Amino acid sequence: MASSGSISIHAQNIMPIIKKWLYSDKDIFIRELVANGCDAIAKRKIADPGAEVEYRVTVEADEAAGELRFIDNGIGMTAEEVEKYINQVAFSGAEEFLKQYGDEKNPKGGIIGHFGLGFYSAFMVADKVTIDTLSFHEDAASVRWTSEDGMRYEIDEGSRDLPGTTITLHLAEAEHEFLHEHTLRETLEKYCAFMAVPIFLGKGEQPINDTNPLWLKNPSDCTDEEYKAFYTKVFHDFEPPLFYVHLNVDYPFNLKGILYFPKLRQDFGGVAEGQIKMFSGQVFVADNIKEVIPEFLTLLKGVIDCPDLPLNVSRSFLQNDGYVKKLSAYITRKVADKLTGLFNTERENYQKYWDDINPFIKYGCMKDESFYERMKDALLFKLTDGTYVTLAQYLEANREKAENKVFYATDATLQAAAIAMYTSQGIGVALLNSLIDVNYISFLEFKNSDVKFSRVDAGVDGLTADADAAQEQPDAGKLTAFFRDALGDDKLDVTVTALRDEALPAMVTEDEQARRFKDMSRIYGGNFAMPAQCKLTLNSRSPVVAALAKREANEETLEICRQVFDLAQMAREPLEAQALSAFIARSNKLLSMLLSRDA
Ligand code: ADP
Ligand code: MG
C-alpha cells in the first residue's frame with residue numbers, strides 16, 4: 001500500500017498571502033529585484049569568467065508608461081531556466097508559517113521583511129510583470145515571460161540582444177510613488193547602499209552604492225579617517241564617534257561589522273538613541289533587530305553583516321535559535337573586550353571616554369550578566385576631585401577610615417559642603433549623578449555584598465573620631481530636649497557623637513535607604529509621600545555644643561539651636577525659601593544681641 005508523491009501548492013492560494021504578508025514593507029520589492037540582478041551578475045562572473053562586461057544593475061522609471069525597470073547584465077535565463085526558476089515557486093511550509101506565527105494583532109505575522117519570496121514580491125505593486133532575458137550561453141535565444149497576477153503567465157520570444165535580464169513592472173495605479181525619483185532613490189539607498197555590484201538610478205553617472213563597504217575590509221587596512229567618514233556618511237551624525245570596534249571573524253560565525261560609540265547625552269535615562277543596521281551579505285535587512293543585537297548595544301551605532309543569519313524567518317524563530325544567541329553573545333563579548341582592552345592599555349583615554357560612555361556601560365552591566373562579568377574590573381568612579389578609580393582602588397584607599405564604604409554625591413554643587421567634610425578627611429567622594437546611577441548603586445551593592453554606598457549626607461561614617469577622654473561629655477538628653485523644643489519636633493532623632501572636625505557643631509543626615517526609595521519613586525513616577533527621615537548628629541568635640549549643653553532652656557538658647565540646625569541643613573542642601581528668610585532674620589537678631597553686649 002505504500003506510495004509517495006509530491007505535494008502541490010496552488011498559486012491562487014499563495015499570492016494573496018504574499019501580498020498580505022509583505023504589505024507593510026512593500027518597498028522591499030526593490031531590494032529583491034536589485035538583489036536578483038546582483039545575484040545574476042555574481043553567477044555570470046563565475047560561469048563566464050572571460051566576459052568583458054562592465055557589470056551593473058540599472059533601475060529606471062518611465063513615468064509616462066507607469067513602468068519601473070530593473071536591468072542587469074548578469075547570467076540571464078534560458079527558456080528552460082525560466083520554466084524552472086520562475087514558474088516553480090517553492091513555498092514549502094508557507095501556510096504552516098502563517099498558521100503558526102500569523103495573528104490578527106500582528107498582521108505581518110512577525111515576519112522580518114522578506115521571506116525568500118524574492119521575485120514574486122513584484123506582484124505586491126505591479127499589475128503586470130515582464131521578464132525579458134537572454135542567457136549568456138552562446139546558442140541561447142531571448143525569452144519573454146509575462147504575468148499579470150503571478151499565477152498565470154505567457155512565454156514568448158524576447159527582445160534582449162545582450163546577455164542579462166530586464167524586469168519590467170507595470171505599476172498598479174496606487175503604487176505610482178515608486179516612479180518618483182525621490183522615493184526610488186530613498187528606497188535604493190535604504191536597502192542597496194552597500195550591495196556588491198554598482199547600481200545606477202536612471203541615467204545617473206555615479207552608482208548609488210558603495211560596493212566595497214568599510215566593514216568588509218581588513219581592520220589593519222582601515223584608517224581612523226575612514227572609520228569616521230563612514231560613520232558620518234551612514235548615520236548623518238556630524239559629531240564624531242568616541243571610538244569603534246571593528247568586528248571581523250569567519251569562525252565560528254561569518255560576521256563583519258563596525259560598532260561605534262557615539263557621544264551620548266549624559267542623562268539619556270535609558271532611552272536608546274543608537275541605530276544598528278543589520279545586513280545579510282551586504283543587503284540591508286533591518287535596524288536594531290533585538291534578537292541579534294543585545295538590547296543595551298542598541299545605544300551604539302553601527303553596521304553588522306552576517307550572511308549566514310537565517311533572516312527570512314519570523315522573529316519568534318530568531319529568539320529560540322541557538323546560532324542567533326551565540327552571535328549575540330559574541331557581539332557582547334567583542335564590545336567588552338574592546339573596552340577592557342582600552343582600560344588595560346590606554347587607561348588615560350578610557351578615562352577620557354568614561355564620562356560619555358559610563359551610562360552605556362552601566363546599563364549594559366545591569367542588563368547583561370556576562371557583560372558585567374567581563375567589565376567589572378574596568379568600572380570606574382569619577383571622584384569629585386576629577387580623578388578616576390576602580391571600586392577596588394577606592395576601597396583600598398579608604399580602608400582605614402571607613403571600611404567597605406563608598407561615599408558618593410549626586411550633585412557636586414548642592415552637596416559641596418557635605419562633600420568637603422569627607423574630602424578634607426582625605427576620603428574620596430564619587431560623583432554618581434546620572435539618572436541611571438540610582439539603579440546602578442543598588443546593582444553594585446547586590447554584586448558586592450560587603451560594600452555599602454552612602455551619599456555624603458546619609459550618615460557620619462568616616463567622619464567620627466574617638467571622644468576626647470580629657471573633655472567633659474555634654475549631656476545628650478538635655479541637648480536632645482533643647483533641639484526638639486526649638487524645632488517643635490518631639491520625635492527628632494538626635495545623637496551626640498565625636499566628629500573629627502571640631503569646627504563642625506552638627507550635621508543633618510538622611511537615611512540612605514529611605515532617600516533611595518524616594519529617588520526611585522520619583523523616577524518611576526510613584527507617589528509615595530515619604531516623610532523626611534532626617535537625623536541630627538551633634539558633635540561632642542565642638543565648643544559650640546559644649547557651651548550649649550551648659551545653658552538654661554530659654555528663648556536665646558532655642559534660637560541658637562535653630563541656628564545650629566539650619567547651618568547643618570545648609571551643608572547638605574540649600575534651604576527652602578521660608579526657612580531661608582527665617583534663617584536670615586534670626587542671624588540678624590543674633591548679631592544684634594551680640595553687639596548689644598558691647599554697649
Ligand atoms: P531567490 O533569489 O531567493 O532564489 P527569487 O524568487 O528572487 O528567489 O528568484 C528565483 C530565481 O529566479 C533565482 O534563483 C534565479 O535563478 C532566477 N532569477 C530571478 N531574477 C533573475 C535575474 N535578474 N537574472 C537571472 N535569474 C534570475
Ligand atoms: Mg532573490
Side-chain angles (χ1 to χ4, degrees), residues 9 11 14-15 17-19 21-22 25 27-48 51 53 55-60 68-94 97 111-126 129-137 140-147 149-151 153 155 158-160 162-169 188 191-192 195-200 279-285 307-313:
I9 292 177
I14 288 298
M15 284 317 289
I17 295 175
I18 297 179
K19 292 187 186 182
W21 265 358
L22 298 180
D25 280 334
D27 60 359
I28 230 156
F29 77 94
I30 291 183
R31 176 183 84 182
E32 292 303 324
L33 296 179
V34 173
N36 281 351
C38 293
D39 287 350
I41 286 167
K43 286 178 195 162
R44 186 168 177 197
K45 282 183 182 167
I46 297 165
D48 189 14
V53 190
Y55 288 114
R56 58 190 278 162
V57 171
T58 307
V59 181
E60 247 175 41
L68 209 51
R69 280 189 279 274
F70 297 81
I71 306 158
D72 69 69
N73 45 11
I75 193 160
M77 284 179 276
T78 62
E80 294 83 68
E81 283 166 339
V82 171
E83 186 66 40
K84 197 153 109 203
Y85 299 132
I86 302 295
N87 293 345
Q88 292 192 55
V89 186
F91 285 115
S92 59
F97 244 106
I111 306 287
I112 296 170
H114 100 175
F115 199 78
L117 300 167
F119 171 71
Y120 278 86
S121 62
F123 290 98
M124 290 192 300
V125 294
V129 177
T130 306
I131 304 175
D132 214 328
T133 182
L134 174 63
S135 165
F136 79 102
H137 286 293
S142 178
V143 184
R144 173 175 292 130
W145 176 98
T146 311
S147 175
D149 52 8
M151 295 183 265
Y153 63 88
I155 289 201
S159 61
R160 274 201 69 127
L162 286 173
T165 303
T166 302
I167 313 259
T168 305
L169 272 53
L188 285 168
Y191 290 114
C192 312
M195 284 188 186
V197 172
I199 299 159
F200 292 81
F279 292 81
S280 175
Q282 297 177 244
V283 179
F284 175 72
V285 176
D308 303 331
L309 197 67
L311 275 172
N312 20 346
V313 291

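Note that the coordinates shown come from a computational prediction; the quantities given were computed from them, not determined experimentally. First listed ligand is number 1; within each ligand, the first listed atom is number 1.
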Taking distance alone, with N or O pairs closer than 3.5 Å, would you say Ile75 contacts ligand 1? no
Between Asn73 (side chain only) and Arg56 (backbone N and O only), is there a donor and an acceptor less than 3.5 Å apart? yes
As a check for students: among Tyr85, Phe136, Tyr120, Phe119, identify the option with a heavy atom nearest to atom 6 (O) of ligand 1. Phe119
Met77 near ligand 1 by a heavy-atom separation under 4.0 Å: yes
Do any nitrogen or oxygen atoms of Asp72 come within less than 3.5 Å of a nitrogen or oxygen of ligand 1? yes
Glu32-ligand 1 polar pair, N/O distance under 3.5 Å: no
Which of Thr78, Thr165, Asp72 passes side chain to side chain donor-acceptor pair (under 3.5 Å) with Thr133? It is Thr165
For Lys43, the atoms of ligand 1 under 4.0 Å from one of its heavy atoms are 15 (C), 16 (O)
What closest approach, in Å, do Thr166 and Arg69 show between heavy atoms, and which atom pair accounts for it? CG2-CD, 4.0 Å
CD of Glu60 to CZ of Phe200, rounded to nearest 0.5 Å, is 12.5 Å
Minimum heavy-atom separation for Leu162 to Leu134, with atom names? C-CD2, 3.6 Å
Mark up the atoms of ligand 1 that fall under 4.0 Å of a heavy atom belonging to Ile86, in ascending order. 12 (O)
Taking the six-membered ring for Trp, are Tyr153 and Trp145 parallel (under 30°), tilted (30 to 60°) or perpendicular (over 60°)? parallel
